[in-house]
Amino acid sequence: MCGGLSYEGCNFLRQRLVLSTLSGKRVRIKNIRSKEDDPGLRDFEASFIRLLDKVTNGSRIEINQTGTVLSYQPGLLYGGSIEHDCNPQRSIGYYLEALLMLAPFMKMALKATLRGVTNDPNDPTIDLLKTTAVPLMKRFGIDGEGFDLRVVKRGMAPGGGGEVVLSCPIRRTLKPVQLTEQAKIKRIRGVAYSVRVSPQMANRIVESTRAVLNQFIPDIYIYTDHMKGANSGKSPGFGLTLVAETQNGCFLGAEMSSTPQGQGDPILPEDLGRNCAKLLLEEIYRGGCVDSSNQSLALLLMTLGQQDVSKVLLGPLSAYTIEFLRHVRDFFQVMFKIEVQKPLEDERKGGDKVLMTCVGVGYSNINKTIK
């Protein structure tokens, strides 16, 4: 394995494979859960590798018999129409986060139909990605008619049965961005969804959420989305996604889903609404122009921008983002300038902010067909 990068352990598998695919550098990961009773790759990770294989052309993937060593030689990003059955151990959001990072750099515009669990407590749900990640990507010039993420069927954990369609246009290059102003919140929108339970659940969630948020801002609208019949998946459940929009068009999101059937104590819709509202307030306190779940997406798009300076103001960096910065340094040799900004006492701007600055690598999509 000369010329490639070598890692150990099962953490950050998606980051490594996505960055490897974009940079074209080989990667070898060893000691994947080698000390555990059930060693090797989990089913959901194998399913993710299969998805990568579907969107690329000419990737070479080698896994040893126990599944503890993975070597990956990336091919060209091809795209086109694909269908994939995601493993129900993780929600479709786990797979979509990585696909959104790859989608603009395909040879053909991507139209992906993913089936599985659309909402679970661990991964970002489709609603959150649609309302925060998609507008963020539009800031970098990835927009147009064809950019759409839609839930055809909802499927709650553990049964799944949901379906999501992502269509994303391709871009030759990305625009550099300057998102350095922390603005005030002007409105809050949300979706309270319920499947295979009483439609009243969604209304109860909305009521308890408004009780918390109406103290701060009057412009709140939470849609209720009750899917029934074939579109409601295989398991019962409910949940809420909230998004706060700032005056300069940044989106901060928070969400909560009910405990999956048969996995621990059930949660009341009133508690779920209240807790989710508090999570949103926490996210607003952390602040920045990008919420904590999309930090790594923003940093990747900055790295891949033209050879110009990009600046983004973030809230405190999550552990996942810090590791992502290390991987970006490994794969693209890009280092970020990190400046901590402490808001003044009387400004009421929330917690400490971090201003991230970098010069893009001038990544251009060599796969794109020239018509």
Side-chain angles (χ1 to χ4, degrees), residues 3-5 12 14-27 55-56 73-79 97-110 133-144 146-147 168-182 248-250 288-290 294-315 317 320-341 353-371:
L5 289 160
F12 312 108
R14 276 184 313 167
Q15 283 185 14
R16 288 163 183 169
L17 295 182
V18 164
L19 290 171
S20 161
T21 310
L22 286 169
S23 64
K25 290 187 177 166
R26 284 182 291 185
V27 66
V55 295
T56 57
Q73 162 89 47
L76 291 174
L77 283 162
Y78 190 75
E97 271 188 310
L99 264 190
L100 284 172
M101 291 177 168
L102 298 171
F105 308 105
M106 303 280 179
K107 184 180 171 79
M108 323 232 293
L110 179 71
V134 171
L136 173 65
M137 290 173 74
K138 288 183 175 169
R139 282 288 176 96
F140 286 87
I142 305 162
D143 50 10
F147 197 11
C168 181
I170 44 180
R171 284 290 169 267
R172 185 95 216 187
T173 51
L174 298 181
K175 292 194 305 207
V177 295
Q178 304 280 331
L179 299 174
T180 54
E181 282 304 308
Q182 162 89 31
N248 56 4
C250 298
C289 298
V290 180
N294 290 308
Q295 285 176 349
S296 50
L297 175 65
L299 294 173
L300 177 75
L301 295 174
M302 285 165 72
T303 307
L304 298 175
Q306 291 166 19
Q307 290 180 337
D308 199 348
V309 177
S310 286
K311 291 185 178 185
V312 169
L313 186 72
L314 302 177
L317 299 179
Y320 188 81
T321 308
I322 291 167
E323 201 58 43
F324 186 79
L325 287 169
R326 290 179 185 144
H327 284 116
V328 165
R329 186 192 58 201
D330 291 350
F331 284 97
F332 287 104
Q333 287 76 51
V334 168
M335 306 278 272
F336 281 79
K337 181 179 168 201
I338 303 174
E339 297 168 72
V340 177
Q341 300 184 348
K353 306 288 180 286
V354 185
L355 183 65
M356 308 291 288
T357 312
C358 84
V359 176
V361 291
Y363 189 87
S364 98
N365 183 356
I366 50 166
N367 305 319
K368 186 172 189 271
T369 42
I370 299 166
K371 297 230 166 47

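Quick note: residue numbers are just sequence positions, from 1.
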With sequence neighbours excluded, tell me which residues meet side chain to side chain donor-acceptor pair (under 3.5 Å) with T321. Q295, S318
A298 backbone acceptor or donor facing R139 side chain under 3.5 Å: no
Which distance, rounded to the nearest 0.5 Å, do you find between the CZ of F147 and the CG of L100? 6.0 Å
Got L22 and L300 here, is their nearest side-chain heavy-atom distance under 4.5 Å? yes
Are F140 and L304 close enough that some pair of their side-chain heavy atoms sits under 4.5 Å apart? no
So how far is it from T21 OG1 to Q73 CD, rounded to the nearest 0.5 Å? 10.5 Å
Just jot down the side chain to side chain donor-acceptor pair (under 3.5 Å) partners of S296, sequence neighbours excluded, or say none. none
Which atoms form the tightest heavy-atom contact between S23 and F331, and what is the distance? OG-CD2, 3.5 Å
Partner of I338 under side-chain contact (heavy atoms from CB on, under 4.5 Å), picked from L355, L314, V354, is V354
For V309 and P176, work out which heavy atoms get closest and say how close. O-CB, 3.9 Å
Do any N or O atoms from the side chain of K311 and from the backbone of T180 form a donor-acceptor pair under 3.5 angstrom? no
Quick one: pull up CD in Q306 and OG in S364 and give me the separation to the nearest 0.5 Å. 9.5 Å
Answer yes or no: are there more than 12 heavy-atom neighbours, outside E181 itself, under 6.0 Å from its atom CD? no
State, with a plain yes or no, whether a side-chain heavy atom of L325 is found less than 4.5 Å away from one of L317. yes
Taking the six-membered ring for Trp, are F12 and Y320 parallel (under 30°), tilted (30 to 60°) or perpendicular (over 60°)? tilted
A side-chain contact here means heavy atoms from C-beta on lying under 4.5 Å apart; do L136 and V290 qualify? yes
Spatial distance of atom CD (Q333) from atom OG1 (T303) [nearest 0.5 Å]: 11.5 Å
Which heavy-atom pair separates C250 from C289 by the least distance, and what is that distance? CB-O, 3.4 Å
Closest approach of M302 to M356 (non-hydrogen atoms, all atoms of both residues): CE-O, 3.5 Å
Heavy atoms, side chains only, cut-off 4.5 Å: are L313 and L179 in contact? no
If only atom types and distance count, is the side chain of R171 paired as donor or acceptor with the main-chain N or O of G141 below 3.5 Å? yes
Separation of L297 CG from M101 CE (nearest 0.5 Å): 5.5 Å
Could you report the tightest heavy-atom contact between A98 and V18, atom names first, then the distance? CB-CG2, 3.6 Å
Taking the side chain as every heavy atom from C-beta outward, state whether C168 and I142 have any pair of such atoms under 4.5 Å apart. yes
Point-to-point distance, once rounded to the nearest 0.5 Å, from CG of N365 to CG of L77: 8.0 Å
Which atom pair, heavy atoms only, marks the closest approach of V361 to F332? CG1-O, 4.0 Å
Who are the side chain to side chain donor-acceptor pair (under 3.5 Å) partners of Q182, not counting sequence neighbours? none
Y363 (side chain) donor-acceptor with F105 (main chain) under 3.5 angstrom: no
